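Hydrogens, waters and symmetry mates are skipped; everything else that's a heavy atom, side chains included, is used. This one's a predicted model, so the numbers in the text were calculated from it and none came from an experiment. Throughout, protein chains are lettered first and strands after them, A, B, ... in sequence-line order, and every chain is numbered starting at 1.
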2 protein chains.
Amino acid sequence: MGRNRTKSGKIRLAEVAELAGVSPITASRFFRNPEALSLAKRTRVESAARELGYVPNLAARALASQRTEVIGVLIPSLTNNVFSDVLRGIYDASENSRYSIQLSNTRYSILQEEKLLRLFLAQKPAGLIVTGIDQTTESRAMLDAADCPIVQIMEIGPDPIDMMIGFSHYDAARAAVAHLFAQGHRKIGFVGARMDPRVQRRLDGYVSAMKDAGLFEQRLVVTTATPTSVTLGGALFTDLLTREPGMDAVFCANDDLALGVLFECRRREIAIPEQIAIVGFNDLEFMASAVPTLTSVRTNRYEMGNTAASMLIDAIDGRRPEHPVLDLGFKVIERQSSSARRSDNRPAVSGAGAANKMVALPSGHD
Amino acid sequence: MGRNRTKSGKIRLAEVAELAGVSPITASRFFRNPEALSLAKRTRVESAARELGYVPNLAARALASQRTEVIGVLIPSLTNNVFSDVLRGIYDASENSRYSIQLSNTRYSILQEEKLLRLFLAQKPAGLIVTGIDQTTESRAMLDAADCPIVQIMEIGPDPIDMMIGFSHYDAARAAVAHLFAQGHRKIGFVGARMDPRVQRRLDGYVSAMKDAGLFEQRLVVTTATPTSVTLGGALFTDLLTREPGMDAVFCANDDLALGVLFECRRREIAIPEQIAIVGFNDLEFMASAVPTLTSVRTNRYEMGNTAASMLIDAIDGRRPEHPVLDLGFKVIERQSSSARRSDNRPAVSGAGAANKMVALPSGHD
DNA sequence: GTCTGTGCTGGTAGCGCTGTCAACGTTCCT
DNA sequence: AGGAACGTTGACAGCGCTACCAGCACAGAC
């Protein structure tokens, strides 16, 4: 056996076929569509492959079949822990499939995204996951013309390219503000960093809610293009406080900023929520643990990535979902930092997040 | 032109060659080793490729050349933000090279690692980045036999497979404990989660430092196999406090735990650092922003990933580094949470981390 | 003038696999 | 009995690229 090995010493499909006593093409079929083989040959090929430790050569397969088993993923940031949750979901879903993930970082640039898209598309990916709904016209054209399934993640909007999974950042922000209104807050500040399209839509949601209540003032909004950080949260909050000392609540575009605000309040001995209420966004793990515990808008990041990859793989395999657009919703998780009145002025010793009251549920339009 | 396009409509090398008026093989050389062409042909091929928008077919290239331009990366976790920094470094370094990254998650299982390694190696990667120095015997054998450069990251140790970049977690932990000793602390607790090999070595460093000082007691150590979180930090600290109420400092195996301890202290109204000092590990961004600011051991995660990928790419291209083992060291960043006496009993309003005093520098053995 | 070496170029022959289509045997129907 | 239908199998011909080696022109050495 193995008398005609490839020079690299690797086992080829031909060797497996020879050992199994079938033609190479039959052995090939075993790996792609085992049901097409008779039970006898199937077991023969299987044991031959196992015995020889055969691993298919993906390059040869890709070349011959004119398609790859690669799912391209375009995300804007590797730093942001929001995306690490999404990615984990994607990788988990891909793990038991035959598809592998090819990840690229657009760095929040739609031009960079366009460039990467061109590169990806040239390699004929099996599927594509792209972030958001803001692409260049050129990118959009390429995606529309692509002959593979595509999922847009992180948010939902009109006119999907193919499939779409996310939630309405606009509605989520409105819900957060509505929650603060319900607690009696009126002068609600907005703190935002990076200002990518999704943060922008959170700002839009905030603005619309404030305007609806006749409470909007431009000086209540502080934003920057700088990437987010805890420290930045403190700095932006300081800005906001200078502009509007009478502020009674802050809605932060993400949880890092909210933590920064919390610490800054502590530095300034501002009582939370008595003097200032805080609401964050994303509901990262630490929010339930902070003192006081921090209210946040929970988003289903892992599920988003996981479902996106599952839907994509199903679509690649010809099982298109009934509903190509999936709204995963959000929840306002109400905690101490925004409760109308604290039951006890000193923090509870009992531990964090004992009772996370949920306020607004699933989501969006409809 | 294009009279013999491939059916998929894609431009092939042959088309480029035809337009440039050279043979396909010459055009091929242009992309692999442009210096080998005469200037005239080089410019002709270049403009032909640009004009046609040629993108090479990587599958065909891989099949013909018997090697891929893929760098395999094996990391134990996608959740842990320590790895997101490392990954960012890796992706950044790969971005301007012709290599692409293939990422897989071992989930802290060396058996899973072995399985993934087998898969990777079968595709003849151009290079490999693996986490840590604890592989199965089988994995080790495969890696030793692999005919591509390999970099081990996150820590350094004896007997590198090929290249290695990281720092001594053992020494870093000893330095953290030494810093606490220097501040006058004696009953120093250890809080650790997940207990992967690197956390284990931090514990070992802590134990040895404590034993050297004759201060080690088993009940000062609280660990769990549970993945780390801020909330867990509070819970483990609570445990520790029950066992040893007289404790005057805690060394946390990572910053999330440290933040959890900080919040738990706040809940219990334990003054930091007067009653208990805190030292974390990794120096994540929020440590400088917390109130009080938190001492931590700074590790060069981005640089580790970035340098690892750069070294690897250089090695693939035949430029092996002078020193295959690189110790990136660490720094104990001393902040309020472990200062011997606070200049002012109330936290400074001025903002965080104004003066990060560095204590122990670079590192390890030398 | 012949020979050797160097720089550049091209022809040939695959890399390992799969798409396509034809062919076979068997069953079931008319 | 003849034929259609199905399930199963195999032969052939590439996929687009590169390794290998041969060949050419030219320069310098003898």
Side-chain angles (χ1 to χ4, degrees), chain A residues 2 4-46 48-49 52-70 98 122-124 126 147, chain B residues 2 4-45 48-49 52-70 98 122-124 126:
Chain A
N4 52 357
R5 287 271 176 78
T6 175
K7 66 177 161 199
S8 63
K10 280 286 157 214
I11 307 295
R12 287 171 309 181
L13 191 55
E15 268 96 54
V16 175
E18 193 188 353
L19 180 63
V22 300
S23 72
I25 189 66
T26 301
S28 168
R29 266 192 279 266
F30 169 76
F31 293 100
R32 290 173 295 142
N33 184 21
E35 286 73 29
L37 299 199
S38 65
L39 197 58
K41 306 229 164 181
R42 202 184 310 176
T43 47
R44 291 238 299 284
V45 176
E46 182 169 20
L52 295 173
Y54 171 72
V55 183
N57 179 322
L58 300 183
R61 178 179 289 178
L63 181 60
S65 67
Q66 295 280 57
R67 57 198 163 72
T68 61
E69 288 176 345
V70 169
R98 64 179 188 286
Q123 303 309 324
K124 301 197 211 326
D147 67 342
Chain B
N4 52 356
R5 288 273 175 77
T6 175
K7 68 179 161 201
S8 63
K10 281 287 157 214
I11 306 294
R12 286 170 310 179
L13 192 55
E15 269 94 54
V16 175
E18 193 188 352
L19 181 61
V22 299
S23 72
I25 189 66
T26 300
S28 168
R29 264 192 280 268
F30 169 76
F31 293 99
R32 291 173 293 142
N33 184 19
E35 286 74 29
L37 298 198
S38 63
L39 196 58
K41 304 227 167 179
R42 202 184 309 172
T43 46
R44 292 238 298 283
V45 175
L52 296 172
Y54 172 71
V55 184
N57 180 322
L58 300 183
R61 176 179 290 178
L63 180 60
S65 68
Q66 295 278 58
R67 57 199 161 71
T68 61
E69 289 177 344
V70 170
R98 63 178 188 287
Q123 303 309 324
K124 304 197 215 317

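Look at NZ on A:Lys124: it is 20 Å from P on C:dC17, rounded to the nearest Å. In this structure, CG of A:Asn33 is placed 12 Å from P of D:dT9, rounded to the nearest angstrom. Taking atom CZ of A:Arg61 as the reference point, atom C1' of C:dG19 lies 14 Å away to the nearest angstrom. A straight line from CD1 of A:Ile25 to C1' of C:dC21 spans 11 Å, rounded to a whole angstrom. B:Leu13 places its CG atom 11 Å from the P atom of D:dG16, with the value rounded to the nearest Å. Atoms CZ (A:Arg12) and P (C:dG14) sit 12 Å apart, rounded to a whole Å. D:dG10 atom P lies 14 Å from atom CD of A:Glu18, rounded to whole Å. Regarding B:Phe30, its CZ atom lies at a distance of 14 Å from the P atom of D:dC17, rounded to whole Å.
One finds no side-chain N or O of A:Ser23 lying less than 4.0 angstrom from the OP1 or OP2 phosphate oxygen of D:dA11. Contact annotation: B:Arg32 side-chain N/O to D:dA19 OP1/OP2 distance is under 4.0 Å. In terms of phosphate contacts, A:Thr26 brings no side-chain nitrogen or oxygen within less than 4.0 Å of OP1 or OP2 of D:dT8.
Closest to the side chain of B:Ala64, out of D:dG10, D:dC20, D:dG16, is D:dG16. Considering only side-chain atoms of B:Gln66, the nucleotide from C:dC15, D:dG16, C:dT20 that sits closest is C:dC15. The side chain of B:Ala60 sits closest to D:dG16 out of D:dT18, C:dG16, D:dG16. When the nucleotides C:dG19, C:dC17, D:dT18 are ranked by their closest atom to the side chain of A:Asn57, C:dC17 comes out on top.
Comparing A:Ala36 and A:Pro24 against DNA chain D, the residue whose closest nucleotide sits nearer the 5' end is A:Ala36. Each of B:Leu63 and B:Gly21 was assigned the nucleotide of DNA chain C with the nearest heavy atom; the assignment lying further toward the 5' end belongs to B:Gly21.
Residue contacts shown for A:Tyr54 are limited to sugar-phosphate atoms, with no base heavy atom under 4.0 Å away.
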Start with the C-alpha distance between B:Gln123 and A:Val55, add both sets of side-chain angles, then the distance that settles side-chain contact (heavy atoms from CB on, under 4.5 Å), and finish with yes or no.
CA-CA 9 Å; B:Gln123 303 309 324; A:Val55 183; 3.9 Å; yes
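Between the side chain of B:Arg29 and the base of C:dG10 there is at least one donor-acceptor pair of N/O atoms closer than 3.5 Å. With hydrogens and angles ignored, no donor-acceptor pair closer than 3.5 Å exists between the side chain of A:Arg67 and the base of C:dG19.
Closest of all the heavy-atom pairs between B:Leu63 and A:Ala60 is CD1-CB, 3.6 Å.
Heavy atoms of other residues, nucleotides or ligands lying less than 6.0 angstrom from CZ of A:Arg42 number more than 12.
With hydrogens and angles disregarded, no donor-acceptor distance shorter than 3.5 Å links the side chain of A:Thr68 to the backbone of A:Ala62.
A:Phe30 has its side chain out of reach of A:Val16: every pair of non-hydrogen atoms, C-beta onward, lies at least 4.5 Å apart.
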